[in-house]
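Report on one structure; see the data block that follows.
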Amino acid sequence: MVERGIKPDTFSYTILIDGFSKQGNVEKAVGFLKNMLKGGVLPNVVTYTAIISGFGKKGKLEEAFTLFKEVKNIGIEVDEFMYATLIHGACVKRDFDCVFHLLDEMENKGIKPSIVTYNIVINGLCKVGRTSEADNIFKQLDGDIVTYSTLLHWYTEEGNVEGIFEIKGKLEEAGLCMDVVACNILIKALFSIGAFEDARALYQAMPGMGLSADSVTYCTIIDGYCKIGKIEEALEEG
DNA sequence: TTAGGGTTAG
């Protein structure tokens, strides 16, 4: 672009910055931010969110917060995306005081967290073994398919049979549209509680729901059958 | 008419 005399704008810079942040090279992303500023191209809330996300993924929460304060000082209006990104970073660091503080701050600013932001918090709590706490805190919440998938996944990891039944029931009650990820998690959960026939029935019902099994589905089923010594069934489904 | 946040096996 530069060779051809095309001046990069906020969008092209932000795409580059986001790409480097996602690859784990937040230093390079910061370098591009500096280039932008030097060239008189103004970063916006999306640009800064990309960098904060890069810091968060690497566990560099302090750097993320320093930048967050800078953004506020510049006078750029922070939004739910930026808060969600910071919350994700705080979850990576297992700093839940920080997480709940950020949620409070959002509320004070009149920024209502969407289900995506709540799902970040739920997953963060589950990851540190606080699944039932996550489940309780967000009981009143209208979960989406990711919320239920996440809770079901972690209850399965914990071997919490009661939890599995609770979420399975809620999932059916909510009547949400299943996706492949949700099916894979539910199949695994069913295997874990010994409901092999239900697991198989769900797998077979997938095409009727407009879903096709992916490699995770097959691995889950093969693993499930192998663990109970049913090699024949494992071979059969493949 | 371009850019940003969440969930799956082993």
Using a 4.0 Å heavy-atom cut-off across all strands, classify [X] as base, sugar-phosphate, or nothing.
X: A/V121; answer: nothing
X: A/D179; answer: nothing
X: A/T217; answer: nothing
X: A/S114; answer: base
X: A/D9; answer: nothing

What pair of heavy atoms forms the shortest contact from A/I51 to A/V26, and how long is it?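 Here A/I51 and A/V26 meet closest at O-CG2, 3.8 Å.
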Checking contacts here: which listed nucleotide ([options]) is nearest the side-chain heavy atoms of [X]?
X: A/N123; options: B/dT7, B/dG4, B/dA9; result: B/dT7
X: A/I185; options: B/dA3, B/dG5, B/dT8; result: B/dT8
X: A/V46; options: B/dA3, B/dT7, B/dG5; result: B/dA3
X: A/T150; options: B/dA9, B/dT7, B/dG4; result: B/dT7
X: A/F81; options: B/dT7, B/dG4, B/dA9; result: B/dG4
X: A/T10; options: B/dA3, B/dT8, B/dG10; result: B/dA3

Quick one: is [X] getting a side-chain N or O under 4.0 Å of the [N] phosphate, OP1 or OP2?
X: A/K22; N: B/dG5; answer: yes
X: A/K188; N: B/dA9; answer: yes
X: A/H153; N: B/dT8; answer: yes

Could you tell me how far apart [X] ([atom1]) and [N] ([atom2]) are, to the nearest whole angstrom?
X: A/L103; N: B/dG5; atom1: CG; atom2: P; answer: 18 Å
X: A/K127; N: B/dT8; atom1: NZ; atom2: C1'; answer: 12 Å
X: A/I145; N: B/dT8; atom1: CD1; atom2: P; answer: 14 Å
X: A/I187; N: B/dT8; atom1: CD1; atom2: P; answer: 16 Å
X: A/F11; N: B/dG4; atom1: CZ; atom2: C1'; answer: 11 Å
X: A/M1; N: B/dA3; atom1: CE; atom2: C1'; answer: 13 Å
X: A/L152; N: B/dA9; atom1: CG; atom2: P; answer: 12 Å
X: A/I120; N: B/dG4; atom1: CD1; atom2: P; answer: 15 Å

Any residue meeting side-chain contact (heavy atoms from CB on, under 4.5 Å) with A/V46, in chain and number order, not counting sequence neighbours: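 For A/V46 the side-chain contact (heavy atoms from CB on, under 4.5 Å) partners, ignoring immediate neighbours, are A/T14, A/N44.
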Between A/Y13 and A/N35, does any side-chain donor sit less than 3.5 Å from a side-chain acceptor?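 There is no such pair between these side chains.
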How about A/N184 and A/T217: does a side-chain donor come under 3.5 Å of a side-chain acceptor?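 Result is yes, a qualifying pair exists.
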For [X], check salt bridge (charged side-chain N to carboxylate O under 4.0 Å, His left out) against everything at least two apart and list the hits.
X: A/E157; result: A/K188
X: A/E158; result: none
X: A/E77; result: none

Using only modelled atom types and a 3.5 angstrom limit, is any donor from either the side chain of A/N184 or the base of B/dA9 paired with an acceptor on the other? no
Residues in side-chain hydrogen bond (donor to acceptor under 3.5 Å, both in side chains) with A/Y118, at least two apart?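 Result, side-chain hydrogen bond (donor to acceptor under 3.5 Å, both in side chains) vs A/Y118: none returned.
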May I ask you to list the residues of residues 49-61 of chain A, by number, that have any heavy atom positioned under 4.0 Å from an atom of DNA chain B?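 Within this stretch, A/T49 sit under 4.0 Å of the strand.
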